[in-house]
Amino acid sequence: MQAEIIISGFGGQGTLYAGQVLAYAAMDEGKHVTWIPSYGPEMRGGTANCTVVISDDEIGAPTALHPTAVIAMNLPSLDKYEPMIKPGGYLVVNEDMVNRPAVRDDIHVLMVPANKIAQEIGNERAANMVLLGTLEGNMHLLKEGALERALEDHTAARLKKFITMNIEALHRGAEYLAA
Amino acid sequence: MQAEIIISGFGGQGTLYAGQVLAYAAMDEGKHVTWIPSYGPEMRGGTANCTVVISDDEIGAPTALHPTAVIAMNLPSLDKYEPMIKPGGYLVVNEDMVNRPAVRDDIHVLMVPANKIAQEIGNERAANMVLLGTLEGNMHLLKEGALERALEDHTAARLKKFITMNIEALHRGAEYLAA
Amino acid sequence: MPPKGWVEVNELYCKACETCVTDCPTQALAIDLSRLTAKGYHPAFMLHPEDCTGCGICAVVCPDAAITVYRGVRPGTQKEAEVA
Amino acid sequence: MPPKGWVEVNELYCKACETCVTDCPTQALAIDLSRLTAKGYHPAFMLHPEDCTGCGICAVVCPDAAITVYRGVRPGTQKEAEVA
Amino acid sequence: MTETDVKVVYKRPLGFTDRTTHYCPGCTHGVAHRLIAEVLEEMGELKNTIGVAPVGCAVFAYNYFNFDFVEAAHGRAPAMATGIKRTLPTKTVFTYQGDGDLASMGMGEIIAAAARGEQITVIFINNTNYGMTGGQMAPTTLPGQKTSSSPLGRDVETQGYPIRTAELLATLDGAAYVARRTLHDVRGIRLAKRAIRTAFEVQKQGLGFSMVELLSICPTNWGMNTENSRNWLAEHMLPYYPVGDYKVSTAVSEMKIGGN
Amino acid sequence: MTETDVKVVYKRPLGFTDRTTHYCPGCTHGVAHRLIAEVLEEMGELKNTIGVAPVGCAVFAYNYFNFDFVEAAHGRAPAMATGIKRTLPTKTVFTYQGDGDLASMGMGEIIAAAARGEQITVIFINNTNYGMTGGQMAPTTLPGQKTSSSPLGRDVETQGYPIRTAELLATLDGAAYVARRTLHDVRGIRLAKRAIRTAFEVQKQGLGFSMVELLSICPTNWGMNTENSRNWLAEHMLPYYPVGDYKVSTAVSEMKIGGN
Amino acid sequence: MALELIKGNIAIAEAAMRAGLISYFGYPITPQTELLEHLSARMPELGRAFVQAESELGAINMVYGAACTGLRTMTSSSSPGVSLMQEGLSYISGTELPVVIVDVVRGGPGLGNIAPSQADYTQLVHGGGHGEYHLIVLAPASVQEAVDLTGMAFDIAEKYRMVVCLLLDGSLGQMMEPVELPEFKPVRTTPPAWAVGSPDSKERVVMTSINIDPPTQERFNVKMMTRWQEVEKNEVRYKGYYLEDAEYVVVGFGTAGRIALSAVRAAREQGLKIGLLRPISLSPFPTKAVDELADRVKGFLVVEMSNGQMLDDITSIVARRVPVEFYGRMGGMVPYPDEIASAINDLVQGEHDVDVDARGKWLAKMRELVGTGE
Amino acid sequence: MALELIKGNIAIAEAAMRAGLISYFGYPITPQTELLEHLSARMPELGRAFVQAESELGAINMVYGAACTGLRTMTSSSSPGVSLMQEGLSYISGTELPVVIVDVVRGGPGLGNIAPSQADYTQLVHGGGHGEYHLIVLAPASVQEAVDLTGMAFDIAEKYRMVVCLLLDGSLGQMMEPVELPEFKPVRTTPPAWAVGSPDSKERVVMTSINIDPPTQERFNVKMMTRWQEVEKNEVRYKGYYLEDAEYVVVGFGTAGRIALSAVRAAREQGLKIGLLRPISLSPFPTKAVDELADRVKGFLVVEMSNGQMLDDITSIVARRVPVEFYGRMGGMVPYPDEIASAINDLVQGEHDVDVDARGKWLAKMRELVGTGE
Ligand SMILES: Cc1ncc(C[n+]2csc(CCOP(=O)(O)OP(=O)(O)O)c2C)c(N)n1
Ligand SMILES: Cc1ncc(C[n+]2csc(CCOP(=O)(O)OP(=O)(O)O)c2C)c(N)n1
Ligand code: SF4
Ligand code: SF4
Ligand code: SF4
Ligand code: SF4
Ligand code: SF4
Ligand code: SF4
Ligand SMILES: [Mg+2]
Ligand SMILES: [Mg+2]
């Protein structure tokens, strides 16, 4: 088993962090995992994305031209990555940040109003966790509760206070299931 | 025809300049010629030597392990170069600066009291020209008067006043003929 | 009537840094939270055009050369002002 | 009798720069043109040992740490002095 | 008052291209750029100028100025400017450098250029950190100031003291004009512009090396908004880096600036 | 007075090996060496010292001192000394550098070390030229002075002005003690020794960076005998490079020097 | 030990400290800066030396000084900064000192960009500084390998008193992977007898790279080259994948090597007999391994994130026995496995010409693929 | 024209001025200093720019700036100084600028000494700086050739907008030979249209080596490599001696090449069919010439004043067709013709093994000859 997941959005939307949560969870389950960001000269603004590869085996390339799944947190990410997803793969879209539906019909598409949901649970910045929840809720890359445990085990002390909210976000996201 | 001449002594004895006079003379006769100094970190003191190669042909090595001729202006130079001279070659020694005769008997040895002669003609620093005169007087590397013409044609303006004395030194040196 | 002025904020350049807003001596400027520029910023705009003296301070402090300052009365607004 | 001194010039180090000669306040030192050191220099020496005060100036200025300075009377010379 | 009385008090300088900058919102690199463009426009030097960009946040400066530009290796802008100026002595040549670039990596080059009295102008942006690489300690970082490579605050015992560059260069005989100004408020900016004008005039009149150090904010790496950054500059930087003229050679003090 | 009254007023310092130096006759590099050796002997630091030799005429300094030594790349001695001192903070570490080495090639390193308040001592030989390579112009070459690369005399218009290094470094907060002395006469040498002692004490007591600039003669490249060289130094160098203390931090001024 | 998810840059920093790093000297440069930043916090905590140098020149010469004490020292940088260290590396080598340096390579030449690259291969492997010397160059392909090689680098550096360089591309510096960090080693804090400042040395110690007398310098160079023969004998490292029955072999190191692994796996799934040789020590190079393969395989494909700097070495070893083809991306571009897979297909299906100008062929393809910007 | 007897260093300085040198920036270092000193007097006389830079870093970056104006510029140095220029050379190459640099090589590594050497071959030929770029490297073997190549260097540099480096060893810099200096060329004083400060350019000109976008950088690199193919096609230079009927060929450049000539002549006098190939352009290398010889001769002897840096290139080209042997001196030692003659004899009489480890064999011999100093 090997899965390649790209999480992409604006800087500040927490795409890199979402990828790390996924990577931690995979690591804790004994999987091979890589997390690699795109890094650019402009430290701020612009896009920020990362690729997480999860595998039962030693991982070769830490990037993928045809990823298994993509979380697109804004329109440019949707435009860029939708065409690249492996047939049969997953596309999770932050519906609140795009103005069009997905066009591919050979993949699983999940449109999630992540900003709204995050606002409902009290913090718009948790949209990344909502989408991650949707991804895992559909793909079952890891064991039940793995992401939640990763949040609990790997959140830095000063951020512990956000754990509950983030777990809630994961759960709300997981409720979105592909048709 | 190719001849390799090493001129060696203390810094300040004018060995490099003697080599240049020889090289100029050879050049003016249309010969191929190279002049190469040994150069060291200690700008002053220590030994100073140069190798002049004169040839009818394009010159390969500008140095020689077994030179055709050596002018040794002091004892270390005599010690170092005497053994290297090609059999049948020439060794011109500044007798005033060494405390031993030459030992080789398969070469032409010329012991010249160059300092004394130079003093006689008014400048101890002309010892180099005395020895060069001896060398050329015996080896006839170039046409008659070539060194004198080189001195006349290539002496820098501010040194012109020494030309007559240097020519005299050449002549006095040339009087020393190998037995 | 004191010399009047107005400014234009070029939204291509404005990055919503608020420097002009802070420094305008008459509080004529504000950030327009209702709009986003192409670059994704809420641009500065003239909240109180009537207060602008055309002093040029906003332009002097603007790090993005986004502001043009005019002195006189804004064409078009003159009439409105007269009507009012 | 004023305190007397003498110096020794180590010829291994002396390079005949004449600094000590120039600076000796009593002109006790000179360059020995009659001799050459192993390095080929005419070394400094005490031309007027009787004038040396042992002030140490020559050693302070010597760039080659060639000079040892003693105060007192040179062993051996004492007797001569007495004889004289 | 009629519509024909309308006067443009301020507009974007001709020395700028129409590209938007990559600088963070509020960053006073932009102000420094603008002042240079204004001065060169006023002096009629836009067509006669060659700029030298540094490695630092201003690495893309050449995109924003509307005249010839070259891009130097980190710290070497003064050497590069020297090469240009010696080759084309009638051109106006300036370097634009950050504090990491000029006062750390390129300290050798700036001192040599100033000592040589190189006829170039240097615009030096002191923002107390390495902006471009993410806010590491610079030679200008204040004692106790936290940066990404002085996480507990600059400890002068192990990390040394800030360098006051204007004061340092002012000791050199080749430096004709060395001044420090600030960009944190409107008065500072106006005075900065005058200093920049003087510096370029010094070059035009062949009076020697000129440099203007500009205190500048870095909201992003300082972790403050624009307003707080400007206040922080006033409160912390100004006392350590007083604005003023540190070197005005006799020739410069007698210089007449024409026009405008 | 009897033979037992004999007292050694001066002898070759213990800090020297018995090798003869390669310096030209009269060259005051030798005097500087001797003073260092004397001071370290007096301080009891001979066994605790690591010297850093430069590239320049003093490149072989390590042959003459009787303690641990390293040889730096041209200009980089302060960086190398920093590496040693940070690794072995209880050692006495000093660099010995010429004016080409320190004030040209290594200007970046010396300023950074001084600004860092690096706990090292720098002995800086100003002989107004590059001795080792045959007498080219140095940053310290005087206006009008002829050298092999300023054959018509240093033209300040194109070749710039001399750098007054002590004054320059004195502006830095990390520099605790910066002084200039001369080696051209006995009084100067005595004062130089005292300054060198102070500089090493500053290091020993951890008060910061210390440097002594020593005006030195180069008879060979100046083309004069020793005596004329010493006079030339007094006449031409002293006015341009006045001896004096350029920086004495408060802590240093309160420092007590024990012994001898 | 527990696994941790760490970035390559930070993993190397941690591994170095655990290997007994006493002093670090560096200068910020992307994509290496986190290494420096991490140590700026951690080294003082441990009471060890951290200095942000004034420049890479400063950094390498501080390391030079620190290495003269024989205690573990390191610097890190990225391409332009490493160019500035060339003089220092030659000096350090000429003084026989143990030093570890890290080059997190970015796109070049010149200022270039900060994206991943492997184009400092020749600079490090064949010597970017003056005179005769060698660096030992190790190229990890994963964060764990970076950690392991960092510890080993210090040991090897000390064993031979040479410079050991870790060469990794920017992406490996930025990538997070689970790693097991080693325990903290006991740290040497007193200089060994050969070093300056040692309490154990009988005579005073002088550390220098000058040999003003050419015969002495030549003897030294003979000694160093003899030592290098030892290194070539003992320190070759590489990893082979599917080599036993391989008909064609892909050669790639670091990130290019691991990306190639994906492509090789895909080829195996297609039934192609492809193997992968991933050099870990680039200097000394696994010459013998390539040599032996050249006797039994049908061809090679060299994959690099550069214009084929290792390619030249492979071509030289293979010596026209079988064709050597090349696929590289330059200037900060990272190949996808698919690109390598298609290059594998070209190799397998292509005509076998041992005289092939691999670089010329590839370049022609690149001109079509990406153009020349003209 | 009259012949003059001039030192290599000064001849190059004169030739550069006559070729239209507008600006020179340099820093003193033995054995190159006379070049700088000569220009310090002559350039101001001609109203041209001479600056003694603060360092080689300063010098190369001044040259970088001057080259941006498109007017002829040059620097010169020796080994350690050239190491310091590596960053600059990468930048200049990445900005496509015409520059001439002179490296009068001395014994290394490190501070080494100031005696003649050729050990900067890899540094210059294979690239001592970061990223993908090439220098054109020319190696004269006589003062006249140095003069001729200097003029040509400027032309080639401009033709390709690349760095051209003259590599000579210290002895050639110090040697006097009769030379014919060229006439003064008319000098370009206004920047061409591609350069900054040009009156002819329609748009403003920006000179930079940054391509922050990797695809752009990659396109640039493809363009530069394509240009390099042109250079390889057009600019290969070498001189052959007695090659027609040669059974064995000696390969050596610069001073080593001319010393080899003496040895080859001696061998011919003994009746041995020995030829000499003397590469003049080291980069691009006369690959084809060696390749063709490898098809018809019985063996090669490579002669260098280094540890065999060109040897690796010859070995690669010959690709085991015939044996390649090596004779080198290091650390400032200059071989005598007699030594090379005896190496020729060994080659002719030795056993023919194409797998010979030429460097290993030579090194073993060197250990006997000069020892390791241990
Ligand atoms: C040789 C080299 N070293 C390091 C770097 C990385 N680098 C890029 S910008 C920069 C610092 C810039 O800081 P500063 O000059 O203060 O400019 P700012 O970004 O603050 O305006 C550094 C270290 C580089 N590009 N080249
Ligand atoms: C990188 C480098 N550049 C240049 C040199 C050549 N070089 C050796 S000594 C020296 C100048 C030394 O002058 P200074 O520091 O004044 O010392 P002095 O000889 O006058 O005591 C130079 C330029 C070198 N060794 N290395
Ligand atoms: S100062 Fe300029 S950029 Fe900032 S908000 Fe005002 S107009 Fe916009
Ligand atoms: S011109 Fe003056 S008054 Fe008008 S908006 Fe700008 S700052 Fe305010
Ligand atoms: S000062 Fe020293 S070296 Fe000079 S002459 Fe006197 S003893 Fe000799
Ligand atoms: S000790 Fe004083 S008096 Fe005696 S020789 Fe020396 S300088 Fe002269
Ligand atoms: S990082 Fe700092 S200096 Fe750089 S653009 Fe942003 S605010 Fe300005
Ligand atoms: S060249 Fe000058 S500095 Fe060097 S040893 Fe001789 S006199 Fe002293
Ligand atoms: Mg900054
Ligand atoms: Mg000097």
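To find a chain, count down the sequence lines: A is the first, B the second, and so on, and within it residues start at 1.
Contacts with chain G were tallied for H/Gly81, H/Gly373, H/Gly94; H/Gly373 has the most, counting heavy-atom pairs under 4.5 Å. Among H/Glu87, H/Arg106, H/Glu374, the residue with the largest count of heavy-atom pairs under 4.5 Å with chain G is H/Glu87. When each of G/Gly360, G/Gly88, G/Ser79 is checked for heavy-atom pairs under 4.5 Å with chain H, G/Ser79 comes out on top. In terms of non-hydrogen atom pairs under 4.5 Å with chain H, the most contact-rich of G/Met366, G/Gln123, G/Gln229, G/Gln86 is G/Gln123.
Salt bridge annotation for G/Asp295-H/Arg320: absent, with no cationic side-chain nitrogen under 4.0 angstrom from a carboxylate oxygen.
Side chains of H/Thr122 and G/His126: a donor-acceptor N/O pair is absent below 3.5 angstrom, by distance only.
How far OG1 of G/Thr372 is from CZ of H/Arg227: 10.0 Å, rounded to the nearest 0.5 Å. Once rounded to the nearest 0.5 Å, the distance linking CG of G/Asn307 with CE of H/Met224 reads 11.5 Å.
No side-chain heavy atom of G/His130 sits less than 4.5 Å from a side-chain heavy atom of H/Val82. The closest side-chain heavy-atom distance from G/Arg359 to H/Met225 is below 4.5 Å.
Looking at G/Val370, both its backbone and its side chain come within 4.5 Å of chain H, counting heavy atoms on both sides. In this structure, no portion of G/Gln118 lies under 4.5 Å from any heavy atom of chain H. Neither the backbone nor the side chain of G/Leu369 comes within less than 4.5 Å of any heavy atom of chain H. Heavy atoms of G/Asp291 lying under 4.5 Å from chain H belong exclusively to its side chain. Both the backbone and the side chain of G/Glu132 come within contact range of chain H, with heavy atoms under 4.5 Å apart.
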Worked verdict on G/Asp213 versus H/Asn113 for side-chain contact (heavy atoms from CB on, under 4.5 Å): CA-CA 7 Å; G/Asp213 173 48; H/Asn113 56 45; over 6 Å; no
